[in-house]
Amino acid sequence: MSEELSDLLKIRREKMDEFRAQGMEPYPYEYKKTHSAAQALAKYKGLKEHEESPEEVSVAGRLVLKRGHGKAAFATIQDETGRIQIYGKLDAIGEQKYALYQKLDMGDFVGVKGKVFKTKTGEITIRLSSFVLLSKSLHPLPEKWHGLQDKEIRYRERYVDLIVNPEVKDVFVKRSKIVSLIRKFLEARGFLEVETPILHVMQGGAAATPFETFHDALGLPLFMRIAPELYLKRLLVGGFEKVFEMGRVFRNEGMSYKHNPEYTMIEIYQAYADYNDIMDLTEELVVTAAKEVLGTLEIEFRGDKINLAPPWKRITLIDALKKEGIDLEKKDEEGIRRIAKAKGIEGAEEIGVGKIINVLYDKFVEPNLRQPTFIIDHPLETSPLAKKHRSKAGEVERFELIIAGMELANAFSELNDPVDQRERLKKQAELKAAGDLEAESMDEDFLRALEYGMPPAGGLGIGIDRLVMILTNQASIRDVLFFPHMKPIAAAKPKEEEMRALDESN
RNA sequence: GCGCCAUUAGCUCAAUGGUAGAGCAGCUGACUCUUAAUCAGUUGGUUGAAGGUUCAAGUCCUUCAUGGCGCACCA
């Protein structure tokens, strides 16, 4: 690493020693503050120019701007609620303290105490009577004008991104509100939040390649869950009627603007409901989230104007394909294969008809759906956990919610016929044996549970990250994850060695 | 996995194949109501890594690493 970095680091470490030598501990244990920055600003916003608050306030935060004027200096500190200006004067805090005040670096945490006044330019400001260092920062912050632009560093060192790019924090605050709101929404409707295993003995509940891990003491290979579905259904068997689980699932697949190897999904199950009921629930949930968090149903995402106002369009998968000029109605297997070939679907000879229909849909329908749309009634073959359609042969009662070309939710009338389920899983097991990494396992315990009897039920999964993307207009899933998955960098080593050398020299 | 692009000081960015620069940050000095404070001076670079072409490479070529975007796969 460069000499330069060493210099910047060295100077800050020397200052840390200097503070300590002057009797100001650089890492004290606590600080009693009376106000947040926002509270102090709100409380004293009515002050007239040069008027001063009767009492002192204590505020703590990170120093983010400095403006020195010789024997006085303005600075700006930032806490979770915002920024507030402070003003330190030589004759107010004394020569020794003022020398330390001048030595503060951008990024240092300080606790400041003093009366509040309004400057002649109208800014509410704390006039220091004293201050303490609360944490010495040893790394320089990015530039105050442009902040941190480098996407790689923003993702890898999110803590720095959060310090200097306030709009990033806003996205995550909104994410937290959306999650909280969904919980409240469901609890208000009598749903119970539950937790089921994340380490699974078997792969199931979705079509996806899992991460494998290993339990040493048991000598047991395990899978990180790809979905909580099969456990939540066991709870329906056990007598719970309305449950949901919000949590991380893991899929060992490619990464893109809408895929991260681990992501947050909510699954919701309601006994005695079918997929029509669940469609209503989904629509209401998303609309409520948008209204409460954004205050509007007109949103923009990746350049598209999207209107979330209900009711949303509901169209069958076959009709949606027809609208794109792909008419599969009354086509036999032969005819569908011919169309797939004409449309340039690769490997169409080796996959089943249901899968072909799905591929055609993924390729020609989903990317074109911008406005919220429920695509309903999927091929039975690719939906091994969904109930057969009550009136259409070869199809299941299933829907996917598409917004802005992204699948946001997936739901079905849940299959509760244990004989049918056993046959479907058997087919999955055959696919698995033939090398399909995404196929379901033959889960005997799950089948036994169904054999005890599961009430008719509707089930739903929503990708929380994607929902947050759409509601906050973030173009990439990485922008709604604090710490998106990144490859480790091998070149990090010399930096560590340098830090160690620095430690030893002290 | 494939294609395109990017990687230069702590940060943000420049540099027709011909002496690596600026702003901010840092350091020194001046300045007791500034706010992207200002003014003067100043430190800081193995140009992501390794090879190659050339009298000469930040710049051209090859390989690699990391990232971004698009495609593929997937939710």
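These numbers were taken from a predicted model, which means no experiment stands behind them. Below, chain A is the first sequence line, B the second, and so on; all start at residue 1.
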Next on the checklist: Using a 4.0 Å heavy-atom cut-off, does A/Arg478 contact any base of the nucleic acid, only the sugar-phosphate backbone, or nothing at all?
Outcome noted: sugar-phosphate
Next on the checklist: If I pick the P atom on B/G17 and the same atom on B/A6, what distance separates them, to the nearest angstrom?
Outcome noted: 14 Å
Next on the checklist: Could you tell me how far apart A/Asp161 (CG) and B/U12 (C1') are, to the nearest whole angstrom?
Outcome noted: 15 Å
Next on the checklist: When the P atoms of B/G48 and B/G58 are compared, how many Å lie between them, rounded to an integer?
Outcome noted: 10 Å
Checklist entry - Just how far is it from atom CD1 of A/Ile462 to atom CG of A/Leu467, taken to the nearest 0.5 Å? => result 7.0 Å
Item to check | A/Ile376 side chain reached by A/Arg398 side chain, heavy atoms, under 4.5 Å | outcome: no
Checklist entry - According to a strict under-4.0 Å criterion, is A/Lys363 in side-chain N/O contact with OP1 or OP2 of B/C71? => result no
Item to check | Any donor-acceptor N or O pair under 3.5 Å, side chains A/Glu440, A/Gln203 | outcome: no
Next on the checklist: Counting runs of three or more consecutive pairs, Watson-Crick or G-U wobble, with each distance below 3.5 Å, where are the stems of RNA chain B?
Outcome noted: B:1-7 with B:65-71, B:10-13 with B:21-24, B:26-30 with B:38-42, B:48-52 with B:60-64
Next on the checklist: Is A/Lys144 close enough to B/G10 that one of its side-chain N or O atoms is under 4.0 Å from OP1 or OP2 there?
Outcome noted: no
Checklist entry - Taking atom C1' of B/A75 as reference, at what distance in whole Å does atom CD1 of A/Ile464 sit? => result 12 Å
Checklist entry - Any idea which of B/C69, B/C11, B/C24 is nearest the A/Ser476 side chain? => result B/C69
Item to check | Sugar-phosphate only, base, or nothing, as touched by A/Leu141 at under 4.0 Å among non-hydrogen atoms | outcome: nothing
Checklist entry - Contact class for A/Tyr263 (heavy atom, under 4.0 Å): base, sugar-phosphate, or nothing? => result base
Checklist entry - Rounded to the nearest Å, what distance is computed from the CE atom of residue A/Met255 to the P atom of nucleotide B/G68? => result 7 Å
Checklist entry - Base, sugar-phosphate alone, or nothing: which one does A/Asn260 contact when heavy atoms must sit under 4.0 Å apart? => result base
Next on the checklist: Taking B/G45 as the reference, what is the distance to B/C60 when you measure between their P atoms (whole Å, please)?
Outcome noted: 25 Å
Next on the checklist: Is there a side-chain contact between A/Lys487 and the phosphate of B/U66, meaning an N or O under 4.0 Å from OP1 or OP2?
Outcome noted: yes
Checklist entry - For atom P, what is the distance between B/U63 and B/C73, given to the nearest Å? => result 27 Å
Next on the checklist: Applying side chain to side chain donor-acceptor pair (under 3.5 Å) to A/Ser129 and A/Glu56, what does each step give before you reach the verdict?
Outcome noted: CA-CA 9 Å; A/Ser129 61; A/Glu56 293 200 321; 2.8 Å; yes
Checklist entry - What does A/Ala207 touch in the nucleic acid at a heavy-atom separation under 4.0 angstrom: a base, only the sugar-phosphate, or nothing? => result sugar-phosphate
Checklist entry - Once you round it to whole Å, what is the distance between P of B/G10 and CD of A/Glu157? => result 13 Å
Checklist entry - With a non-hydrogen cut-off below 4.0 angstrom, is A/Met265 in contact with a base, only sugar-phosphate, or nothing? => result nothing
Checklist outcome for this item: Of A/Trp145 and A/Leu148, the one whose nearest nucleotide on RNA chain B sits closer to the 5' end is A/Leu148
Next on the checklist: What's the gap between B/U62 and B/U53 when it is taken at their P atoms, as a whole Å value?
Outcome noted: 15 Å
Item to check | Nearest-Å distance for atom pair CG/P, residues A/Leu63 and B/A37 | outcome: 11 Å
Item to check | Length of the line joining A/Met106:CE and B/A36:P, which is rounded to integer Å | outcome: 13 Å
Checklist entry - Once you round it to whole Å, what is the distance between P of B/U7 and CD1 of A/Ile153? => result 13 Å
Checklist entry - Using the ring of each side chain (for Trp, its six-membered ring), is A/Phe117 parallel, tilted or perpendicular to A/Tyr87, with breaks at 30° and 60°? => result tilted
Next on the checklist: Would you say the rings of A/Phe172 and A/Phe482 are close, in the sense that their centroids are separated by under 6.0 Å?
Outcome noted: yes
Item to check | Sugar-phosphate, base or nothing in reach of A/Arg466, heavy atoms under 4.0 Å | outcome: base
Checklist entry - Under 6.0 Å between ring centres, would you say that holds for A/Phe412 and A/Tyr275? => result no
Next on the checklist: Output the rounded distance in Å from CD1 (A/Ile477) to C1' (B/C73).
Outcome noted: 15 Å
Checklist outcome for this item: Only residue of A/Leu100, A/Ile86, A/Leu63 satisfying side-chain contact (heavy atoms from CB on, under 4.5 Å) with A/Phe131 is A/Leu100
Item to check | Sub-6.0 Å ring centroid separation between A/Phe223 and A/Phe211 | outcome: no
Checklist entry - For the residue pair A/His200 and A/Tyr231, does the interplanar ring angle fall in the parallel (under 30°), tilted (30 to 60°) or perpendicular (over 60°) class? => result tilted
At a cut-off of 3.5 Å, list every protein nitrogen or oxygen paired with a nitrogen or oxygen from nucleotides 30-34 of chain B, distance to 0.1 Å.
residue, atom, partner, partner atom, Å
B/C31, N3, A/Gly70, N, 3.0
B/C31, N4, A/Gly70, N, 3.1
B/U32, N3, A/Asp91, OD2, 3.2
B/U32, O4, A/Asp91, OD2, 2.8
B/C33, O2', A/Lys120, NZ, 3.0
B/C33, O2, A/Lys120, N, 2.8
B/U34, O4', A/His69, NE2, 3.3
B/U34, O2, A/Arg67, NE, 2.6
B/U34, O2, A/Arg67, NH2, 3.4
B/U34, O2, A/Gln85, OE1, 3.3
B/U34, N3, A/Gln85, OE1, 2.9
B/U34, N3, A/Gln85, NE2, 2.9
B/U34, O4, A/Gln85, NE2, 2.7
B/U34, O4, A/Thr119, OG1, 2.9
B/U34, O4, A/Thr121, OG1, 3.4

Checklist outcome for this item: Taking B/G68, B/U12, B/C27 as options, the one with an atom nearest any side-chain atom of A/His146 is B/U12
Checklist entry - In whole Å, what separates the C1' atom of B/U59 from that of B/U19? => result 15 Å
Checklist entry - Does the side chain of A/Thr373 come within less than 4.5 Å of A/Leu401's, by heavy atoms? => result no
Next on the checklist: So, OP1 or OP2 of B/G70: does either fall under 4.0 Å of a side-chain N or O from A/Arg302?
Outcome noted: yes
Checklist entry - B/A56 and B/A20: how far apart are their C1' atoms, nearest whole angstrom? => result 15 Å
Checklist outcome for this item: Interatomic distance, CG@A/Asp108 vs CG@A/Leu141, rounded to 0.5 Å, equals 9.0 Å
Checklist entry - How far does the P atom of B/G52 sit from the matching atom of B/C11, given to the nearest Å? => result 30 Å
